Amino acid sequence: MSGFVFSEKPITIESGEGATLVADDGTEYLDFGASYACTPLGHSHPAVTDAVQEQAAELTYVQASYPVETRTETYEKLAALAPGDLDNVWLCNSGTEANEAAMKFARAATGEEKIVATKRAFHGRTLGALAMTWKQKYKAPYEPLAGGIEFVEYGDAAALAETVDENTAAVFLEPVQGEGGIHPAAVEYLQSAREVTAEAGAALVLDEIQTGVGRTGTLWACEQADVVPDVLTTAKGIANGLPMGATLCADWIAEDFGDHGSTFSGGPVVCAAANATLETVVEEDLPAHAAAVGDDLRERLQAAADDHDLPVRDVRGSGLMVGIEVKRGANRILRDLAIDQAVLALPAGRSVVRLLPPLVVDEADAERFVDAFVEVLSG
Ligand SMILES: Cc1ncc(COP(=O)(O)O)c(C=O)c1O
């Protein structure tokens, strides 16, 4: 008997600490993928471990209709940390669910059906969120998906303005496209998305599932464009590896959201992990740290590519969300990095090596990654 959805890697992980994962044969891997940005504080961070253990011993689970101090604290923290006045918090278990809720809430609040998404977007894998995802490979076997979705070119403000109209419920955007290849949006693009949605009475939904919780150098990537959406979705790193998604909504969305729910919404143990994670991210100013180390990492990568004449087309990104576009298959490079150099990273499509390390990595870790990358690409 075996799991059948994920293809398994030939490495069995036994433990982790900080940016290091330890395999059953004792090999220590430098983790520059953080399992798709899920451990901003690094592996097995004591603040999260303690919070989880304490909460599990006191009350492991009670459904969200019963107020629990730990969950109330999560609501308050997220509302306080959210950009603008996105004070209304829906908690769920994943990024996909956070976006699915955002689709439903936007349709209910506007009474409209049309949702505008972008080419190369990734918003999740349920039949609603998947409908807003661009890649055919993910979608084709499962059709029909949710209807009413129109795609526009990412970054093209004129195309967006032409497509958004009074029948639009929402525009969904990633401030930096992750799965699509690490493409940061221009500040002006996000600002014009804000303007056209406001004019049309549509919701601007920013999907910060990968960019959020400090990854791009600010707590939320939209802060860098000075844009406050109507809905912000987040997940991945929010509870440092425990499953949580959140949909943060403006009053006008929350006032008329329809009827929604989920059994495990805001479970106390996951909320305890989220509270400890958010507290640590803020107290240790990890977004600023991510900005500094990310700049250093991209500079080192570009310099190494130039000095060693590596087959690299582009180095781009924001904070510790970095894409290296390569002239040969990214998967082969990732395999060699893992097997020969004990360094883990991720793909973003066939030609981009994606780096989403824990936000606690430092310049020495960046140097180690770059050295390993040079070794593999010059080999
Ligand atoms: C931007 C974005 N949105 C949504 C999702 C889906 O999140 P999850 O896998 O937690 O359902 C992801 C996951 O990679 C993502 O990167």
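Every number for a ligand or one of its atoms is a count from 1 in the order of the listing. Predicted, not measured: the structure shown is a model, and the values here were computed from it.
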Of the listed options (M244, E179, K236), which comes nearest to atom 14 (O) of ligand 1 when hydrogens are ignored and any heavy atom counts? K236
How far is atom 11 (O) of ligand 1 from its nearest protein heavy atom, and which residue and atom is that? T96 OG1, 2.6 Å
Give a yes-or-no answer on whether the side chains of E325 and S351 include a donor-acceptor pair shorter than 3.5 Å. no
Polar contact flag for D207 and ligand 1 (N/O pairs, less than 3.5 Å): yes
Polar side chain donor-acceptor pair, E100 to T126, under 3.5 angstrom: yes
Specify side chain, backbone, both or neither for Y36, according to which of its non-hydrogen atoms lie closer than 4.0 Å to ligand 1. neither
Could you tell me whether the side chains of T233 and N99 share a donor-acceptor contact shorter than 3.5 Å? yes
Counting heavy atoms only, which of A348, G95, A235 comes nearest to atom 7 (O) of ligand 1? G95
Ring geometry between Y189 and Y154 (parallel below 30°, tilted from 30 to 60°, perpendicular above 60°): perpendicular
With heavy atoms and a 4.0 Å threshold, my read on which part of T233 contacts ligand 1 is neither
Whether H123 lies under 4.0 Å from ligand 1, heavy atom: yes
For ligand 1, find out whether one of its N or O atoms is nearer than 3.5 Å to an N or O atom of G124. no
Using a plain distance cutoff, I'd like to know if E97 has any nitrogen or oxygen under 3.5 Å from a nitrogen or oxygen of ligand 1. no
L145: which other cluster members, linking ILVMFWY side chains closer than 4.5 Å, directly or transitively? F122, L127, L130, Y138, Y142
Can you tell me if E69 and T72 form a side-chain donor-acceptor pair at under 3.5 Å? no
Pairing donors with acceptors under 3.5 angstrom, does anything connect the side chains of R316 and Q302? no
Clusters formed by hydrophobic residues whose side-chain heavy atoms approach within less than 4.5 Å: which one holds W134, and what are its other members? W90, M103, F105, I115, M132, I149, F151, F172, V205, V231, W252, I253, F257
Ligand 1 atoms in contact with F122 (distance to a heavy atom under 4.0 Å): 1 (C), 2 (C), 3 (N), 5 (C), 6 (C), 12 (C), 13 (C), 14 (O), 15 (C)
I'd like to know if D230 and R194 make a salt bridge, using a cut-off of under 4.0 Å between side-chain N and carboxylate O. yes
Numbering the atoms of ligand 1 from 1, which are under 4.0 Å from a heavy atom of N99? 3 (N), 4 (C)
Return the closest protein heavy atom for atom 16 (O) of ligand 1 as residue, atom name and distance. Q210 NE2, 2.7 Å
Numbered in order shown, the ligand 1 atoms found under 4.0 Å of a heavy atom of S94 are 10 (O), 11 (O)
A student checking ligand 1 against E174 at a 4.0 Å heavy-atom cut-off should list atoms 1 (C)
